Undergrad: 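Below is a structure I'd like to ask you about.
Keep in mind that what you see is a predicted model, and the values were worked out from it rather than measured.
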Amino acid sequence: QKASFDALEKELFPLLKEIGILEEFSPKYAFYEGAIVYGGSNISQRLRELVKQWNRGVFFANVYLLNGERPLDSPKEKEELFLDIEGSFHEIKHPPKTESERAIWLWENSPSLAPIRKKVQVYYVTVPMKDNPEGGKKLRPTTDDTIYAWLTLKPLAGRYLVVSSVPHILRHGAVIETIAPKSYQF
């Protein structure tokens with residue numbers, strides 16, 4: 001599979017860039033009601049982006065960490081299990097077992113998040129695994145599920161900084177803009 005991608009990389013990247021999949025977006029405002037951070041296997045990268053924006057003077061009153069109770073199973077997640085978002089190793093007596101436990105651990109233990117932790121209220125938006133209608137293995141929650149769970153908190157209407165990562169940015173933005181009422185701006 002990797003060999004196939006490598007062979008097409010030179011053709012694919014210009015096309016992906018042209019349609020905006022590889023494009024990053026910068027915040028338009030200096031203050032937001034909150035920052036919505038999508039979870040998943042890219043949570044460390046997304047939290048680093050949150051720190052980067054804070055250090056640039058982009059502030060928010062609340063942080064919402066959107067995650068599922070999906071078991072950590074990818075090689076990348078297992079490799080990074082004992083690392084904070086800066087890449088520093090930590091001895092962890094009870095390592096996280098799920099995506100949401102990992103996000104909480106990172107939030108609470110990454111030194112570069114300390115200035116943000118002191119100034120904002122954090123909300124852990126955790127969605128359980130779902131029953132599979134066909135039986136068998138449970139299904140991971142979707143992006144939609146996490147947005148609906150966020151809305152149950154009844155966050156104040158206003159502007160929200162959405163923190164995602166390439167190549168998910170466009171989809172994550174489209175999902176939240178479709179599901180959330182128009183009184184929210186992203």
Undergrad: Roughly how far, to the nearest 0.5 Å, is the NZ atom of K97 from the CZ atom of R102?
TA: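 Atom-to-atom, R102:CZ and K97:NZ are 14.0 Å apart.
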Undergrad: I'd like a table of donor-acceptor pairs (distance under 3.5 Å, sequence neighbours excluded) in which one partner is a side-chain atom from residues 177-186, with atom names and distances.
TA:
from	atom 1	to	atom 2	distance (Å)
T178	OG1	A174	O	2.7
Y184	OH	P155	O	2.6

Undergrad: Just so I know, are the side chains of N109 and D84 near enough to count as touching, which here means a heavy-atom distance under 4.5 Å?
TA: no
Undergrad: S110 side chain to I85 main-chain N or O, any donor-acceptor pair under 3.5 Å?
TA: yes
Undergrad: Can you name the nearest heavy-atom pair linking P96 to L72, along with the distance?
TA: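 Result for this residue pair: O-CD1, 3.6 Å.
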Undergrad: Is it true that V175 and Y148 fall in one hydrophobic cluster, defined by side-chain heavy atoms closer than 4.5 Å?
TA: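 Yes; Y148 is reachable from V175 via cluster members.
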Undergrad: Please collect all side chain to side chain donor-acceptor pair (under 3.5 Å) contacts where either partner lies in residues 48-57, sequence neighbours excluded, each pair once.
TA: E49-K52, E49-Q53
Undergrad: The criterion is side-chain contact (heavy atoms from CB on, under 4.5 Å); which residues satisfy it with K78, sequence neighbours excluded?
TA: none
Undergrad: If you define the side chain from C-beta out and look only at heavy atoms, does anything of L47 sit under 4.5 Å from L65?
TA: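 Yes. Closest side-chain heavy atoms under 4.5 Å.
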Undergrad: Quick one: which residue pairs count as a salt bridge (charged side-chain N to carboxylate O under 4.0 Å, His left out) with a foot in residues 86-95, not counting sequence neighbours?
TA: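 Matches after skipping sequence neighbours: none remain.
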Undergrad: Please report the shortest heavy-atom distance between P115 and P111, naming the atom on each side.
TA: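 Closest heavy-atom pair between P115 and P111: CD-O, 4.0 Å.
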Undergrad: Does N132 have any side-chain hydrogen bond (donor to acceptor under 3.5 Å, both in side chains) partners at least two apart in sequence or in another chain, and if so, which?
TA: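 If we apply the side-chain hydrogen bond (donor to acceptor under 3.5 Å, both in side chains) test to N132, skipping adjacent residues, there are no hits.
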Undergrad: Do H168 and R46 have side chains that approach each other closer than 4.5 Å (heavy atoms only, starting at C-beta)?
TA: yes
Undergrad: With sequence neighbours excluded, what pairs up with E77 under the side-chain hydrogen bond (donor to acceptor under 3.5 Å, both in side chains) test?
TA: R70, S74
Undergrad: Return all side-chain donor-acceptor pairs below 3.5 angstrom for residues 31-43, not counting sequence neighbours, or 'none' if the list is empty.
TA:
from	atom 1	to	atom 2	distance (Å)
Y32	OH	K28	N	3.1
Y32	OH	Y29	N	3.1
Y38	OH	H172	O	3.1
N42	OD1	K76	NZ	2.8
N42	ND2	S165	OG	3.4

Undergrad: Can you tell me how far the CD1 atom of I147 sits from the OG1 atom of T152, to the nearest 0.5 Å?
TA: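 OG1 of T152 is found 11.0 Å from CD1 of I147.
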Undergrad: Kindly indicate whether the side chain of E69, heavy atoms from C-beta on, has any atom under 4.5 Å from the side chain of E99.
TA: no
Undergrad: Please round to the nearest 0.5 Å and tell me the distance separating atom CD1 of I92 and atom CG of L83.
TA: 8.5 Å
Undergrad: Output the distance between atom CG (N62) and atom OH (Y123), rounded to the nearest 0.5 Å.
TA: 5.0 Å
Undergrad: What pairs with Y124 under side-chain hydrogen bond (donor to acceptor under 3.5 Å, both in side chains), at least two apart in sequence or on another chain?
TA: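 Counting only residues at least two positions away or on another chain, Y124 forms a side-chain hydrogen bond (donor to acceptor under 3.5 Å, both in side chains) with E108.
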Undergrad: Tell me, which pairs form a salt bridge (charged side-chain N to carboxylate O under 4.0 Å, His left out) where one or both residues lie in residues 109-126, sequence neighbours left out?
TA: none
Undergrad: Would you say L156 and V125 are hydrophobically clustered, going by side-chain heavy atoms of ILVMFWY under 4.5 Å?
TA: yes
Undergrad: Going from NE2 on H94 to CD on E101, what distance comes out if it is rounded to the nearest 0.5 angstrom?
TA: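 Result: 11.5 Å between the selected atoms.
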Undergrad: Can you sort out the partners of T142 under side-chain hydrogen bond (donor to acceptor under 3.5 Å, both in side chains), two or more places apart, ordered by chain and number?
TA: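 With neighbours one apart ignored, the set is D145.
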Undergrad: Please find the pair of heavy atoms, one from P128 and one from P141, that lie closest to each other, and give the distance.
TA: O-CG, 3.5 Å
Undergrad: Group every Ile, Leu, Val, Met, Phe, Trp and Tyr by side-chain heavy-atom contacts under 4.5 Å, then state whether Y160 and F59 land in the same group.
TA: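 As far as the 4.5 Å side-chain criterion goes, F59 and Y160 are not connected within one cluster.
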Undergrad: Check whether V58 and L113 end up in the same hydrophobic cluster, where Ile, Leu, Val, Met, Phe, Trp and Tyr are linked by side-chain heavy atoms less than 4.5 Å apart.
TA: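 Yes; tracing contacts between hydrophobic side chains, which count when under 4.5 Å, links both residues.
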Undergrad: Are V63 and W107 side-chain neighbours, meaning at least one heavy-atom pair lies under 4.5 Å?
TA: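 SC-SC contact between V63 and W107 confirmed.
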Undergrad: Please find the pair of heavy atoms, one from F60 and one from L50, that lie closest to each other, and give the distance.
TA: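 Closest approach of F60 to L50, heavy atoms only: CZ-CD1, 3.4 Å.
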Undergrad: Looking at A103 and N67, what are the two nearest heavy atoms and their distance?
TA: CB-ND2, 3.2 Å
Undergrad: Is there a path from L161 to V51 through hydrophobic residues (I, L, V, M, F, W, Y) whose side chains come within less than 4.5 Å of each other?
TA: yes
